[in-house]
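For the single chain, residues carry numbers from 1 onward in sequence order. Read the numbers this way: they start at 1 and go in the same order the structure lists the ligands and their atoms. Note that the coordinates shown come from a computational prediction; the quantities given were computed from them, not determined experimentally.
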Amino acid sequence: MNNVPPLDLTQQYAQIGGEISAAVQKVLASGGYIGGPAVKSFEREFADYTGVSECVGCNSGTDALILALRSLKIGPGDEVITTPFTFFASAETISAVGATPVFVDIDSETFNLNVELLEAAITEKTKAIMPVHIFGQPVDMTRLMEIATRHNLAVIEDCAQSVGALWESQKVGSIGHIGCFSFYPTKNLGACGDGGAVTTNDAALAASMRMLKEHGQSSRYFYEEIGCNSRLDALQAVILSIKLRYLDSWNAQRREKAAVYNEFLSRVPGVALPKELPAAKGVWNQYTIRLKSQENEQNPSGNFRDSVRAQLQESGIGSMVYYPLPLHLQPVYKSLGVGAGRLPVAEQVCREVLSLPMFPELSRDRQERAIYGLKDCLARCR
Ligand SMILES: *Cc1c(COP(=O)(O)O)cnc(C)c1O
């Protein structure tokens, strides 16, 4: 019997559990649970790792995006350009601050926002661009920054899935004006709970975000803005400091798994592999293929991918669908009036994508069982 989970966090804990327990015990005994030296040192380490001067820890990747948008004074009447093929929070946060998300279609091979379509989406209301380095693959930041600079737009990088990824030897999160990170447990750098951070080289933006995440407080019990409570706690900070030391080796292991998938699946009919741009070094939060079939074209409900996935599940091989419906077609965004057919690549990709098991500790044996299981299913489904 196969037993290949799409993700397994227990193996990582087994590897470093001793170190984590010791650090956690120390925080518990210290009596300092919010802020303090643990959070300060993680912020310093993460800024250095990312290659920026400032890092502010916060409660989640979602809050990181909200802090970024608010520090840039983006609100009602403003537009922010982003991708329809991402986790909901990317667009949700734009709406949450009162602005309007404007979706630009994606590239079918990188799954990222298609930078060639960016300029046509810019209006006089556009304030910022929010590229999302989806599945850990960097967006073409050279082209994107060139367009943003020419139009005087801020760039907020959603790096929730891409911690450690490089574009032209620069870490994502250090290229735009602000980088937003999530430490949700399934991300490449995951806490044991919720956590997030923003990175920037702009001291004024950093100060603003630091104030906003602490109730808009400028000095103790003096308030300059309506903020929120979004702190990274000391327990998560010490855990993240330990895990940060392993991140590059874990990301290297993910790259090895991706290379194995690329090799074994490269000539399988009907399977389109994810593409890494030459200037990019991705970190493979997900390894996502597209299952193309005639059936898909005739049957837009995407039965082929779904039936392959169901059969894989039956044979004990886990897989995931990130994401089944693009954001412009979500019920909550009907009001934007961007109907079906308007962003055709994202819509088609949502019918075809399948994310295969991917985590640093995935054994070669299990990965091969997933690969042969997939090949079997494909042969049977055709
Ligand atoms: C996970 C994720 C977020 C949100 O992060 P949380 O820590 O869960 O709030 C935002 N954007 C993307 C692309 C994500 O994958």
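The single protein non-hydrogen atom nearest to atom 4 (C) of ligand 1 is T62 OG1, 3.6 Å, given as residue, atom name and distance.
For S60, heavy-atom contacts with ligand 1 shorter than 4.0 Å involve the backbone as well as the side chain. Here D158 has side-chain heavy atoms under 4.0 Å from ligand 1, and that is the only part of it that gets that close.
A 6.0 Å sphere centred on CZ of R380 holds more than 12 heavy atoms belonging to other residues, nucleotides or ligands. Under a cut-off of 6.0 angstrom, the local environment of NZ in K171 is crowded, with over 12 non-hydrogen atoms contributed by other residues, nucleotides or ligands.
Checking only distances, S182 does come within under 3.5 Å of ligand 1, N or O to N or O. Remark: ligand 1 and Q161 share an N or O pair separated by less than 3.5 Å (distance only, no angle test).
Residue G196 places no heavy atom under 4.0 Å from ligand 1.
Neither side chain, D194 nor S60, offers a donor N or O lying under 3.5 Å from an acceptor on the other. Residues E347 and H328 bring a donor and an acceptor atom of their side chains to less than 3.5 Å of each other.
Considering H133, K187, E92 only, the shortest heavy-atom separation from atom 15 (O) of ligand 1 involves K187.
Just one residue in the list E19, Q12, Q253 forms a side-chain hydrogen bond (donor to acceptor under 3.5 Å, both in side chains) with Y246, and that residue is E19.
Each of the atoms 13 (C) of ligand 1 lies under 4.0 Å from some heavy atom of T86. Interface of G61 with ligand 1, defined as ligand atoms under 4.0 Å from a residue heavy atom, comprises 5 (O), 6 (P), 7 (O), 9 (O).
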- Task: Under the salt bridge (Lys or Arg N to Asp or Glu O under 4.0 Å) rule, what do R143 and E146 come out as? Steps first, then yes or no, please.
- Result: CA-CA 5 Å; R143 202 66 188 94; E146 184 255 309; 3.0 Å; yes
Please step through side-chain contact (heavy atoms from CB on, under 4.5 Å) for the pair V353 and I289, ending with a clear verdict. CA-CA 6 Å; V353 278; I289 57 171; over 6 Å; no
